[in-house]
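Contents: one structure, followed by commentary.
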Amino acid sequence: VTVTDEEIGKEGTPKEEMYCKSNLGHAVKSCMTVIWNRWGAIKERLLGDFLADPEKFGLLGEKTLAVHCVHIDEKEMDILSRTKTNVINNPESNMGNAVGCSNVLEMLNKGIRVGMGTDGYTSDMFESMKVFPIIQRHARQNPSVAFNETFTLLFDNNRKIASNYFSREIGILKEGAYADLIIVDY
């Protein structure tokens with residue numbers, strides 16, 4: 001279903017609902033998800049400036065999750081940074097589906113908050129933590145990148161992104177924060 005500019009601007013219709021009806025994204029509970037995948041190479045021909053319309057209607061922001069972001073260009077990274085849109089990198093899913101490698105290091109340099117996910121490819125975040133630096137190093141042909149960033153994505157940014165959707169902080173041990181603990185025996 002394609003949504004017109006007039007429909008998105010119609011009073012009484014939540015922007016999220018209208019956006020999620022479009023061909024650009026889908027809803028995950030109350031947040032929007034924008035997906036870039038292997039078809040990113042043809043997006044310009046088919047879609048023009050992919051992020052222009054979502055930005056125009058205020059659909060990008062701190063409570064928006066842009067997932068994968070494998071084939072985005074510098075202009076689109078600037079839009080994500082300017083709107084404080086969160087990105088979720090799914091390294092195993094991207095590798096397993098042969099869609100490419102997100103330029104996470106450049107996104108982080110531009111001030112974009114990038115978290116780590118699985119996209120359902122696995123339920124083991126430790127595997128994603130292991131794979132993330134490998135694919136980043138491979139893509140850049142540089143074995144010395146993506147060490148500290150792995151921990152930033154998984155333990156710092158994921159916590160901050162998740163906290164956007166809860167009334168209290170999450171992912172930190174302190175009074176008043178939600179508690180969700182695991183004990184790992186290795």
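Side-chain contact between Met116 and Asn158 is present, with heavy atoms from C-beta onward closer than 4.5 Å. Looking at Ile88 and Ile161, their side chains come closer than 4.5 Å, going by heavy atoms from C-beta outward. Contact check for Leu108 versus Leu153: side-chain heavy atoms found under the 4.5 Å cut-off. In this structure, the side chains of Asn164 and Asn86 come closer than 4.5 Å at one or more pairs of heavy atoms.
A search for side chain to side chain donor-acceptor pair (under 3.5 Å) contacts involving Glu127 returns Lys130, not counting sequence neighbours. In this structure Lys110 satisfies the salt bridge (charged side-chain N to carboxylate O under 4.0 Å, His left out) test together with Glu74, Asp78, sequence neighbours excluded.
Test Asn89, Val131, Asp119 against Asn94 for side-chain contact (heavy atoms from CB on, under 4.5 Å) and you get one pass: Asn89.
Judged by distance alone, with hydrogens and angles left aside, the side-chain atoms of Tyr178 form no donor-acceptor pair with the main-chain N or O of Ser163 at under 3.5 Å. The closest donor-acceptor contact from the side chain of Ser102 to the backbone of Cys69 lies under 3.5 Å. Within the 3.5 Å criterion, the main-chain N or O of Asn148 finds a donor-acceptor partner in the side chain of Thr152.
Within the model, atoms CG of Leu65 and CG of Leu60 stand 11.0 Å from one another, a figure rounded to the nearest 0.5 Å. Put simply, CD on Glu169 and NZ on Lys160 are 10.0 Å apart, with the number rounded to the nearest 0.5 Å.
The hydrophobic cluster containing Ile135 does not contain Ile112, counting ILVMFWY residues as joined when their side-chain heavy atoms lie under 4.5 angstrom apart, directly or transitively. No continuous path of ILVMFWY side-chain contacts below 4.5 Å connects Phe166 to Ile172, so the two sit in separate hydrophobic clusters. Under the 4.5 Å side-chain contact rule for hydrophobic residues, Met129 and Met107 share a cluster. A single hydrophobic cluster is not seen to contain both Phe147 and Ile134; linkage of ILVMFWY side chains at heavy-atom distances under 4.5 Å, directly or through other members, places them apart. Linking ILVMFWY residues whenever their side-chain heavy atoms come closer than 4.5 Å, directly or via other members, leaves Leu154 and Val145 in distinct clusters.
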